[in-house]
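Position 1 is the first residue of the sequence, and the numbers go up from there. What you are looking at is a predicted structure, and each value in this text was computed from that prediction instead of being measured.
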Amino acid sequence: MSQTYETENGLVHMTRPDMAVLATAGLRERTRILEQYVREELGRILGIEPHLVDTTGRPMGCLGIGSISGIELQYRMEATLGVDVNLQRLLLANSAQELIDCLAGQLGPEAHLHGAAVPA
């Protein structure tokens, strides 16, 4: 499933991650796929192109993710990925990469070792 959203610089195409691929991919590949997905979601919410989203240098709040946009991100990720996303932890994450790493740990073949909630 894919969708298109508009930023200040034009239209951006967004693709839903393939859950079968995520379930069998190695950690590095799973992280890469989820990084692209999280960048696209954050870009859509923030109205910027995904490649402009800073995933490592700033906490989620400094990126512009507040309570309303956090709830939107939480619901979209839960619906798309089929995991529970803890809103408080999402909002307090030190970076988008922290969120990506939590999701990558939850969605792979070893997910049963990590529990059900993301981030826990």
Next on the checklist: Tell me the closest heavy-atom pair linking Ser67 and Leu91, and the distance in Å.
Outcome noted: CA-CD1, 4.2 Å

Next on the checklist: Using 0.5 Å steps for rounding, measure from the CG atom of Leu34 to the CD atom of Gln97.
Outcome noted: 10.0 Å

Checklist entry - Run the side-chain contact (heavy atoms from CB on, under 4.5 Å) check on Leu22 and Leu81 step by step: do they pass? => result CA-CA 10 Å; Leu22 285 175; Leu81 301 174; 4.2 Å; yes

Next on the checklist: Can you give me the closest heavy-atom contact between Pro50 and Gln36, atom names plus distance?
Outcome noted: CB-NE2, 4.3 Å

Checklist entry - Ion pair present between Arg44 and Glu72, side-chain N to carboxylate O less than 4.0 angstrom? => result yes

Next on the checklist: Test your reading of the model: is there a side-chain donor-acceptor pair from Arg30 to the backbone of Leu107, 3.5 Å cut-off?
Outcome noted: no

Checklist entry - Which heavy atom in Met77 sits nearest to a heavy atom in Val38, and how many Å separate them? => result CE-CG2, 4.4 Å

Next on the checklist: Testing the basics here: between Ala104 and Thr31, what is the closest heavy-atom pair and its distance to 0.1 Å?
Outcome noted: CB-OG1, 3.4 Å

Checklist entry - Any side-chain heavy atom of Ser95 sitting closer than 4.5 Å to one from Thr55? => result no

Checklist entry - Mind checking whether Leu92 and Tyr75 sit in one hydrophobic cluster, side chains of I, L, V, M, F, W, Y counted as touching below 4.5 Å? => result no

Item to check | Verdict with reasoning, Glu35 to Arg32, per salt bridge (charged side-chain N to carboxylate O under 4.0 Å, His left out) | outcome: CA-CA 5 Å; Glu35 179 177 355; Arg32 185 195 63 74; over 6 Å; no

Checklist entry - Donor-acceptor pair, Glu78 side chain versus Val85 backbone, under 3.5 Å? => result yes

Checklist entry - Could you state the interatomic distance from CG (Leu73) to CD1 (Ile65), rounded to the nearest 0.5 Å? => result 6.0 Å

Item to check | Gap between atom CZ of Arg39 and atom CG of Leu42 - 0.5 Å precision | outcome: 9.0 Å

Checklist entry - Nearest 0.5 Å, what's the CG-CD1 distance between Leu63 and Ile48? => result 8.0 Å

Item to check | Rounded distance (nearest 0.5 Å) linking atom CD1 of Ile100 with atom OH of Tyr37 | outcome: 11.5 Å

Next on the checklist: Could you check whether any side-chain N or O of Ser69 sits under 3.5 Å from a backbone N or O of Gly66, counting only pairs where one atom can act as donor and the other as acceptor?
Outcome noted: yes

Checklist outcome for this item: side-chain hydrogen bond (donor to acceptor under 3.5 Å, both in side chains) filter on Asn94, not counting sequence neighbours, yields Glu98

Checklist entry - If you round to the nearest 0.5 Å, how far is SG of Cys102 from CG of Asn86? => result 10.0 Å

